[in-house]
Chemist: 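Just passing along the structure, written as structure tokens.
Every number for a ligand or one of its atoms is a count from 1 in the order of the listing.
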Amino acid sequence: MSSSSPQPAHVIVMGVSGTGKSSVAEALARELGTRFVEGDALHPEANVRKMAAGTPLTDADRWPWLDLIVAAMRREAQEGNALVVTCSALKRSYRDVLADSGAVTVFVHLSGSRELISSRLGGREGHFFPQALLDSQLDTLEPLGPDENGFAVDVAAPLDEELREIMRRLPDHVGARPDAGPDAARPHREAAARSEAAARPEGAADRAADR
Ligand SMILES: Nc1ncnc2c1ncn2[C@@H]1O[C@H](COP(=O)(O)OP(=O)(O)OP(=O)(O)O)[C@@H](O)[C@H]1O
Ligand SMILES: O=C(O)[C@H](O)[C@@H](O)[C@H](O)[C@H](O)CO
């Protein structure tokens with residue numbers, strides 16, 4: 001792999017419904033300049049109907065959906081493209097399948113209290129997912145294990161802070177993988193530096209440089 005074309009690295013923004021996956025992933029893809037795939041859009045129609053009717057999905061319902069997501073990640077990796085993907089990825093067994101994506105894969109777990117998530121779901125309009133299913137999602141959730149490539153972020157922070165934290169932490173998780181090329185984390189480090197600079201009050205960088 002040449003140093004001008006680092007190996008792609010996919011980011012999966014995971015967590016129970018209402019933690020902000022779509023909001024965070026869309027902004028993250030913009031910051032990183034990569035494509036964004038909304039995992040919910042790949043659910044078979046029967047899954048959407050089931051959730052809308054208030055019935056939690058089973059493993060059997062989720063496997064075909066997870067297969068579609070990992071197939072999209074593999075396709076893009078073959079083309080040399082990285083993706084930011086939203087997927088609840090609630091169980092370790094699901095993530096083991098998703099991580100086999102043909103590229104370095106980093107999981108960003110959006111995590112928060114039941115009360116906070118429930119109030120955000122309550123404030124959301126026009127979405128098929130009923131607030132009542134939140135408890136089943138929380139019961140099913142298996143947090144990231146220490147041997148998984150990813151990290152958790154607290155969703156109590158405002159969206160822009162959450163995003164900056166993710167941008168700061170991402171490069172280490174991209175670069176640390178044995179399957180990462182020597183330059184895999186370079187675009188992430190550059191994007192993180194741009195995002196830090198943009199978040200500073202105007203002129204702060206210049207004043208700091210003068211001191
Ligand atoms: N950090 C935040 N601070 C305040 N509100 C937020 C934050 N993150 C997300 N939200 C709001 O919370 C609600 C849920 O967010 P979003 O729809 O992105 O969650 P989601 O995890 O994608 O949900 P689902 O899996 O059900 O599609 C939205 O109304 C969104 O605007
Ligand atoms: O694994 C699942 O049970 C589903 O993926 C749900 O998490 C929904 O897709 C989503 O969160 C609703 O918007």
Side-chain angles (χ1 to χ4, degrees), residues 11-31 35-73 83-99 101 107-144 148 150-170 195 199:
V11 180
I12 298 183
V13 180
M14 60 165 281
V16 301
S17 184
T19 42
K21 297 184 296 294
S22 304
S23 319
V24 168
E26 219 180 318
L28 185 62
R30 221 178 301 124
E31 292 276 306
R35 299 173 192 201
F36 163 56
V37 170
E38 171 62 67
D40 271 350
L42 297 177
H43 266 303
E45 189 51 41
N47 284 2
V48 176
R49 273 202 305 273
K50 198 168 175 181
M51 289 187 274
T55 310
L57 299 183
T58 62
D59 285 355
D61 296 322
R62 289 189 182 113
W63 285 124
W65 168 63
L66 294 165
D67 286 344
L68 290 174
I69 294 179
V70 83
M73 290 195 292
L83 288 182
V84 175
V85 183
T86 57
C87 176
S88 46
L90 300 175
K91 293 187 184 180
R92 170 68 189 251
S93 56
Y94 305 164
R95 295 192 293 271
D96 285 345
V97 168
L98 292 166
S101 71
F107 292 94
V108 176
H109 178 196
L110 304 187
S111 156
S113 71
R114 183 190 178 285
E115 289 65 35
L116 178 64
I117 300 167
S118 177
S119 78
R120 286 190 185 160
L121 279 173
R124 191 169 67 170
E125 282 174 14
H127 195 288
F128 67 84
F129 193 86
Q131 201 176 350
L133 278 189
L134 176 60
D135 285 334
S136 95
Q137 297 253 304
L138 289 166
D139 287 346
T140 307
L141 175 70
E142 297 167 2
L144 288 168
E148 289 185 89
F151 55 95
V153 173
D154 185 353
V155 299
L159 195 57
D160 59 337
E161 274 179 34
E162 236 183 281
L163 193 62
R164 280 209 303 283
E165 182 185 348
I166 295 169
M167 294 293 291
R168 256 196 315 271
R169 297 175 69 181
L170 206 50
S195 149

Chemist: Check whether K21 reaches the backbone of E38 with its side chain - one donor and one acceptor, N or O, closer than 3.5 Å.
Modeler: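 Flag not set: sc K21 to bb E38 has no pair under 3.5 Å.
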
Chemist: Is there side-chain contact between F36 and L83, with heavy atoms separated by less than 4.5 Å?
Modeler: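 Of all side-chain heavy-atom pairs linking L83 with F36, none is under 4.5 Å.
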
Chemist: Holding to side-chain contact (heavy atoms from CB on, under 4.5 Å), I want the full list of residues that pass it with E165, two or more places apart in sequence or in another chain.
Modeler: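 Checked E165 against side-chain contact (heavy atoms from CB on, under 4.5 Å); matches are V153, R168, R169.
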
Chemist: Of all the heavy-atom pairs spanning P56 and G54, show the shortest one and how long it is.
Modeler: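 So the minimum-distance heavy-atom pair works out to CD-O, 3.8 Å.
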
Chemist: Donor-acceptor pair, Q137 side chain versus V16 backbone, under 3.5 Å?
Modeler: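 No; judged by distance alone, with no hydrogens or angles, the pair does not exist.
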
Chemist: I'd like the contact residues of ligand 2, where contact means a heavy atom below 4.0 Å.
Modeler: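 Within 4.0 Å of ligand 2, protein side: S17, K21, D40, H43, M51, L57, R62, W65, S88, H127, F128, F129, Q137.
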
Chemist: Please list, by chain and number, the protein residues whose heavy atoms come under 4.0 Å of ligand 1.
Modeler: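 Within the 4.0 Å shell of ligand 1, which is judged on heavy atoms, sit V16, S17, G18, T19, G20, K21, S22, S23, D40, R120, R124, H127, V155, A157, P158, L159, E162.
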
Chemist: Sequence neighbours left out, cut at 3.5 Å: what donor-acceptor pairs do the side chains of residues 61-68 make with other protein atoms?
Modeler:
{"from": "D61", "atom 1": "OD2", "to": "K50", "atom 2": "NZ", "distance (Å)": "2.6"}
{"from": "D61", "atom 1": "OD2", "to": "T58", "atom 2": "N", "distance (Å)": "2.9"}
{"from": "D61", "atom 1": "OD2", "to": "T58", "atom 2": "OG1", "distance (Å)": "3.0"}
{"from": "R62", "atom 1": "NH1", "to": "Y94", "atom 2": "OH", "distance (Å)": "2.9"}
{"from": "W65", "atom 1": "NE1", "to": "G39", "atom 2": "O", "distance (Å)": "2.9"}

Chemist: Mind checking the CG-CG spacing from N47 to L57? Nearest 0.5 Å is all I need.
Modeler: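 One finds 5.0 Å between CG of N47 and CG of L57.
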
Chemist: Please report the shortest heavy-atom distance between D40 and T86, naming the atom on each side.
Modeler: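 Heavy-atom minimum between the residues: N-OG1, 4.3 Å.
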
Chemist: Measure across V70 and S101 and return the closest heavy-atom pair with its distance rounded to 0.1 Å.
Modeler: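 Result for this residue pair: CG2-CA, 4.2 Å.
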
